[in-house]
Amino acid sequence: MSKTIKITLKNGDVIEKDGPVKLSQLCQEIGKKLFEAAVAAKINGKLIDLSSVLEEDATVEFITFDKPEALPIFRHSAAHIMAQAVKRLFPGTKLGIGPAIENGFYYDFDTQGRLTQDQIEKVEAEMKKIVEADYPFSFKKERKDLAIKHFQDQNEPFKEELIRELPEGTARIYTQGEFSDLCRGPHLPSTGKLKGVKLLSVAGAYWRGNEKNPMLQRVYGTAFPTKKELDDYLKKLEEAAKRDHRKLGKELDLFSIQDLTGPGLILWHPKGALIRKIVEDYWRDEHLKRGYDLVYTPHIARVDLWKTSGHWDFYKENMYSPIEVEEQEFMLKPMNCPFHILIFKTKRRSYRELPIRYGELGTVYRYERSGVLHGLMRVRGFTQDDAHIFCAPEQLEQEMESCVRFALDLLKRFEFHEFVITLSTGPHPSKAWEMGLNPEELHQKLIGETSGSARREGAVSRVITYQDIVDRFYPEKKNEFAGEKEEWVYAEEAVARVLQKVVIPMGINPEIDIIGAAFYGPKIDIKVKDALGREWQCSTIQFDFNLPRRFDLNYIGPDGKEHKLYMVHRAMLGSFERFFGCLIEHYAGDFPLWLAPVQVKIIPIAERHHDYAYQIAEELKRNQIRTEVDDRGEKMQAKIRDAELEKIPYMVIVGDEEEKNKTVNIRKRKAQSDLRLLQTAQSVHDFIKTFKT
RNA sequence: GCCGGGAUAGCUCAGUGGUAGAGCAGCUCACUCGUAAUGAGCAGGCCGCGGGUUCAAGUCCCGCUCCCGGCUCCA
């Protein structure tokens with residue numbers, strides 16, 4: 001007996017058909033073009049394969065490859081195809097997991113032999129064959145015990161482990177050609193739909209990210225619906241490689257890291273140091289304008305300080321061994337906060353003084369495992385643009401708001417215009433996420449494969465409430481957090497209001513990272529998107545319910561009694577090292593005029609113009625313009641080339657003409673292909689004016 | 001820390017067991033030049049460090065240091 005089912009399409013059309021209805025067939029009937037472009041479908045908002053069958057009334061939307069949902073499906077399917085290729089080339093390989101990720105996909109394998117770069121080329125070639133063969137992807141739901149048996153027979157212990165953790169009735173086995181895999185799906189209708197695919201690198205990765213587990217070989221790749229999109233992406237990777245701050249840092253003579261000093265320790269060369277000085281000056285000025293006091297604190301302190309602060313107990317693994325002096329132990333500082341607290345504590349504090357804001361460019365040292373160091377981005381000694389705000393509870397929201405605005409203002413000065421803002425909450429129930437903060441994304445985070453702590457813990461969830469999440473996935477964390485539940489809720493709601501007031505009107509949808517907070521309080525992180533759209537962590541604004549208690553911080557209120565004090569840690573740029581690395585890549589080394597270590601290179605055409613060149617240089621320098629004269633015995637063309645390679649914003653060319661007319665001839669960097677940028681001769685005075693705007 | 005790949009002149013890199021190379025940069029000399037490289041010459045090396053195999057090691061083996069791609073962690 002067939003049943004008539006009602007199908008509501010995206011455009012509102014309703015189709016009635018005798019069921020069951022196969023989606024691919026329905027798609028084909030609607031339109032040939034649609035069928036060719038479709039990669040999957042959504043039934044009642046849920047993604048599903050085109051090979052699925054419809055048995056009930058439903059709304060149906062076909063996902064074509066121009067939709068954002070299509071990309072992960074492409075990539076996930078690409079991962080399966082790669083796994084199939086690897087199993088063909090290396091029989092006996094055991095499969096780990098193979099998800100789609102932000103810019104592509106990966107698959108983890110336990111290959112008996114090693115996988116090397118030239119071997120992945122063979123894998124890629126094999127993948128092409130699989131694509132050409134155009135195997136359909138099909139799936140069937142399997143009873144748990146049968147699914148387990150299936151993978152036992154195939155000698156896939158990792159898959160078996162995954163199935164054992166699944167609820168009964170949810171295991172699905174996908175098959176394409178001779179290959180089958182445990183998977184949630186959905187997938188492309190067939191392997192032939194995969195057009196642009198490229199394998200990128202091989203790396204080790206622990207099974208389920210745990211270093212106690214065996215290490216698997218992870219192959220990274222990327223995939224796009226068309227060859228062109230793939231080529232564009234590969235071009236972007238090339239561009240990123242050109243901007244690599246380690247490469248530019250060497251070429252532009254900005255900094256170095258040397259064996260004799262040790263890994264993760266930065267030597268700032270004169271040009272890098274000058275840029276840093278400019279940023280520091282700007283930073284200090286802005287802080288003074290906004291009611292911060294600047295402080296300086298030492299690099300080491302008695303171990304007792306770190307015992308009081310709790311770092312000795314909870315942060316020891318990141319700290320260097322004690323330094324013994326006169327039979328007393330001193331520790332190199334990993335953070336600045338305890339010092340700022342000591343300054344705060346030198347007096348009784350009145351409510352009239354609050355908030356007190358101490359800022360410091362504080363250099364800290366943290367032990368980082370050798371494998372994680374990376375240029376300027378991840379180092380062992382770095383200078384934080386740190387500050388601590390001591391305030392009354394009722395001032396918290398205002399201070400938070402100021403911090404967020406301040407951070408965005410500072411970052412915008414460096415031509416960052418796109419931000420990713422994340423609220424990391426604690427383990428207590430909070431209404432923060434109910435306050436209009438992108439609940440859909442939150443939900444997606446909790447149930448989906450996207451990102452955030454839910455996935456980090458390997459949670460597969462259909463949970464709705466915050467409390468449930470904690471109880472269900474983080475019971476062990478319930479008691480690991482400092483402070484009272486009420487304080488967390490108070491702080492998180494304050495932050496949520498700030499985000500609503502400041503961030504949402506800017507068109508930014510804040511993200512929420514459940515239980516992403518530090519144990520001592522919730523935080524807001526701000527990431528910037530650089531010129532290539534890559535994200536960099538800069539600002540972090542963190543509440544602290546812990547240190548005020550440990551140091552017994554308080555203030556005297558209008559009632560003459562002691563009151564509990566709130567404390568906020570915050571960094572706007574993060575650290576000078578990381579931020580500098582980020583700036584180098586953002587600007588590709590072409591620092592804007594105000595940051596450029598050399599702003600003007602004067603290029604005399606012949607030796608007889610040297611005097612005039614120096615005369616101009618003196619005048620520019622008197623006007624605080626950073627100027628150099630290229631008086632080498634080179635041709636003008638060579639000097640221009642070198643100034644271009646040094647990425648100097650202005651070249652001033654002087655020869656007979658200029659000397660006679662008392663003018664300068666200006667060439668802006670990168671003028672090569674755009675003659676409009678080539679300015680005509682002008683007076684030195686006019687040239688100097690361009691720096692004053 | 002772990003898996004994999006590396007380290008040769010200041011820089012970028014070639015060198016498959018038989019006398020260490022190129023380009024650029026540097027130095028010297030000549031050229032005095034109009035919008036991205038003038039020419040010639042000279043100099044430059046514990047081939048990352050230590051051990052081993054060999055008649056012979058930059059090259060093969062072992063250990064270490066550091067770098068790169070990841071895992072993990074974070075400013």
Side-chain angles (χ1 to χ4, degrees), chain A residues 106 108 110-111 114-119 200-220 244 246-247 250-251 253 256-264 317-318 334-336 362 364 366-386 456 518 525 536-540 542 569-579 581-582 603-610 632-645 651-658 665-673 675 677-679 681:
Chain A
Y106 67 81
D108 288 342
D110 178 9
T111 51
R114 282 166 303 177
L115 265 174
T116 60
Q117 197 65 32
D118 49 311
Q119 279 166 323
L200 297 170
S201 62
V202 193
Y206 298 105
W207 168 237
R208 316 194 95 179
N210 186 333
E211 59 190 271
K212 293 193 182 82
N213 286 337
M215 181 159 288
L216 309 177
Q217 303 305 119
R218 175 170 297 179
V219 182
Y220 283 92
D244 190 310
R246 294 164 299 185
K247 181 172 171 280
K250 203 181 275 180
E251 284 171 10
D253 198 13
S256 63
I257 303 168
Q258 299 183 27
D259 284 8
L260 269 182
T261 39
E317 61 194 36
N318 285 299
M335 293 191 191
N336 303 301
V364 297
R366 297 184 188 171
Y367 167 72
E368 299 283 357
R369 298 159 104 189
S370 55
V372 307
L373 301 172
H374 179 89
L376 293 174
M377 299 303 181
R378 192 68 188 279
V379 294
R380 285 181 174 163
F382 57 98
T383 301
Q384 290 181 304
D385 67 315
D386 208 0
R456 229 170 24 231
D525 290 322
W536 306 88
Q537 166 79 52
C538 292
S539 315
T540 182
Q542 312 188 344
H569 307 250
R570 43 111 293 189
M572 315 263 85
L573 310 177
S575 78
F576 274 97
E577 285 73 10
R578 176 180 290 177
F579 191 68
C582 180
I603 298 175
I605 288 174
E607 214 170 315
R608 64 176 179 280
H609 308 119
H610 283 190
R632 294 174 303 161
E634 286 292 344
K635 287 185 69 172
M636 179 203 62
Q637 282 91 333
K639 293 178 186 179
I640 287 172
R641 181 184 146 84
D642 290 342
E644 287 284 357
L645 293 176
M651 282 157 256
V652 166
I653 292 147
V654 291
D656 291 335
E657 198 78 353
E658 289 72 26
N665 188 305
I666 311 301
R667 186 197 212 268
K668 277 191 179 179
R669 79 182 142 194
K670 290 186 161 175
Q672 187 180 23
S673 55
L675 289 176
L677 294 174
L678 265 174
Q679 297 183 359

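Every chain is numbered from 1, with letters handed out A, B, ... down the list of sequences.
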Checking side chain to side chain contact (heavy atoms under 4.5 Å, CB included) for the pair A:Asp656/A:Arg608: CA distance, chi angles, key distance, verdict?
-> CA-CA 9 Å; A:Asp656 291 335; A:Arg608 64 176 179 280; 2.8 Å; yes
Establish, with yes or no, whether the OP1 or OP2 oxygen of B:G1 is under 4.0 angstrom from a side-chain nitrogen or oxygen of A:Ser370.
-> yes
Without swapping roles, check the side chain of A:Arg366 against the backbone of A:Pro334 for a donor-acceptor pair under 3.5 Å.
-> yes
The side chain of A:Met636 lies closest to which of these nucleotides: B:C66, B:A75, B:G34?
-> B:G34
Check: A:Tyr206 side chain, B:C3 base, donor-acceptor under 3.5 Å = no
How is A:His374 classified with respect to the nucleic acid when contacts are heavy atoms under 4.0 Å: base, sugar-phosphate, or nothing?
-> sugar-phosphate
If we call it a pair only when both distances are under 3.5 Å in a Watson-Crick or G-U wobble match, what pairs with B:A22?
-> B:U12
Looking only at side-chain N and O atoms, does A:Arg608 come under 4.0 Å of OP1 or OP2 in B:C33?
-> yes
Once you round it to whole Å, what is the distance between P of B:C24 and CG of A:Leu645?
-> 14 Å
Can you list the steps and then say if A:Val219 with A:Tyr106 is a side chain to side chain contact (heavy atoms under 4.5 Å, CB included)?
-> CA-CA 5 Å; A:Val219 182; A:Tyr106 67 81; over 6 Å; no
Rounded off to whole Å, could you give me the CD-to-P distance for the A:Glu251 and B:C13 pair?
-> 11 Å
Mind checking A:Val379 for me? I need base, sugar-phosphate or nothing, with any heavy atom below 4.0 Å counting as a touch.
-> base
Base, sugar-phosphate, or nothing for A:Glu634, non-hydrogen atoms under 4.0 angstrom?
-> base
Euclidean distance for P, B:C47 against B:A7 (whole angstrom) = 14 Å
Whole-Å P distance, B:C61 and B:A22 | 28 Å
What's the CE-P distance between A:Met651 and B:A36, to the nearest Å?
-> 9 Å
Assign A:Glu368 to base, sugar-phosphate, or nothing according to its heavy-atom contacts below 4.0 angstrom with the strands shown.
-> base
Go ahead and name the base partner of B:U32; Watson-Crick or wobble counts if both distances stay under 3.5 Å, otherwise write none.
-> none
NA contact type, A:Lys250, heavy-atom cut-off 4.0 Å: base, sugar-phosphate, or nothing?
-> sugar-phosphate
For the base of B:U35, is there a side-chain donor-acceptor partner from A:Gln637 under 3.5 Å away?
-> no
Between A:Arg380 and B:C73, does any side-chain N or O lie under 4.0 Å from OP1 or OP2?
-> no
Between A:Ala205 and A:Arg578, who's closer to the 5' end of RNA chain B by nearest nucleotide?
-> A:Ala205
For A:Tyr220 and for A:Arg378, find the nucleotide of RNA chain B with the closest heavy atom, then tell me which residue's nucleotide is more 5'.
-> A:Tyr220
Hey, does the side chain of A:Gln537 reach the backbone of A:Ser539 with a donor-acceptor pair shorter than 3.5 angstrom?
-> yes
Whole Å only: how far is the CZ atom of A:Arg369 from the P atom of B:U72?
-> 11 Å
Would you mind telling me which of B:U38, B:C71, B:A36 lies closest to the side-chain atoms of A:Arg218?
-> B:C71
What is the distance, rounded to the nearest whole Å, between atom CG of A:Asp244 and atom P of B:C68?
-> 9 Å
Which whole number of Å gives the distance between the C1' atom of B:U19 and that of B:C24?
-> 26 Å
Measure from the side-chain N and O atoms of A:Arg380 to the backbone N and O of A:Glu368, and report whether any donor-acceptor pair falls under 3.5 Å.
-> yes
Among the nucleotides B:A37, B:A75, B:U72, whichever has the atom closest to the side chain of A:Gln542 is B:A75
Name the nucleic acid region contacted by A:Gly574, choosing base, sugar-phosphate or nothing; use a 4.0 angstrom heavy-atom cut-off, strictly under.
-> sugar-phosphate
Which part of the nucleic acid, if any, lies within contact of A:Ala571, taking any heavy atom under 4.0 Å across all strands shown: a base, the sugar-phosphate backbone alone, or nothing?
-> nothing
Length of the CD-P vector between A:Gln217 and B:G70, whole Å | 15 Å
Whether A:Asp385 side chain and A:Gly574 backbone form a donor-acceptor pair below 3.5 Å | yes
Atom C1', compared across B:U53 and B:G17: separation rounded to whole Å | 12 Å
Could you work out the separation of B:G10 and B:G51 based on their C1' atoms and round it to a whole Å?
-> 30 Å
Starting from C1' on B:C3, measure out to CE on A:Met215 and report it in whole angstrom.
-> 4 Å
B:U72 pairs with which nucleotide, Watson-Crick or G-U wobble, both distances below 3.5 Å?
-> none
Interatomic distance where CG belongs to A:Asn318 and P belongs to B:G1 [whole Å] | 14 Å
Say you pick atom P in B:G6 and the same atom in B:U59; how far apart are they, in whole Å?
-> 14 Å
N/O donor-acceptor pair under 3.5 Å between A:Lys639 side chain and A:Pro604 backbone | yes
Considering Watson-Crick and G-U wobble pairs with both distances under 3.5 Å, what does B:A57 pair with?
-> none
Rounded to whole angstrom, note down the P distance from B:G63 over to B:G4.
-> 12 Å
With rounding to whole Å, what would you report as the distance between B:G45 and B:U8 at their C1' atoms?
-> 8 Å
How is A:Gly371 classified with respect to the nucleic acid when contacts are heavy atoms under 4.0 Å: base, sugar-phosphate, or nothing?
-> base
May I ask you to verify whether the side chain of A:Glu317 and the base of B:G1 hold a donor-acceptor pair under 3.5 Å?
-> no
Give A:Gln537 one of three labels, base, sugar-phosphate or nothing, depending on what nucleic acid heavy atoms sit under 4.0 Å from its own.
-> sugar-phosphate
What about A:Asn210, does its side chain sit under 3.5 Å from the base of B:U72 through a donor-acceptor pair?
-> no
Check whether any side-chain N or O of A:Glu577 sits under 3.5 Å from a backbone N or O of A:Arg378 as a donor-acceptor pair, and report yes or no.
-> no
Within the structure shown, what part of the strands sits under 4.0 Å from A:Glu657 by heavy-atom distance: base, sugar-phosphate, or nothing?
-> base
Return no unless some side-chain N or O of A:Lys635 is found under 4.0 Å from OP1 or OP2 of B:G39.
-> no
Would A:Arg632 and A:Asp642 satisfy side chain to side chain contact (heavy atoms under 4.5 Å, CB included), going step by step from the backbone distance to the final call?
-> CA-CA 11 Å; A:Arg632 294 174 303 161; A:Asp642 290 342; 2.8 Å; yes
If B:C46 has a Watson-Crick or G-U wobble mate with both distances under 3.5 Å, name it; if not, just say none.
-> none
Quick note, A:Ile653 side chain, CB onward, closest among B:U35, B:G70, B:C66 is B:U35
From the candidates B:A75, B:G69, B:G34, the one with an atom nearest any side-chain atom of A:Arg246 is B:G69
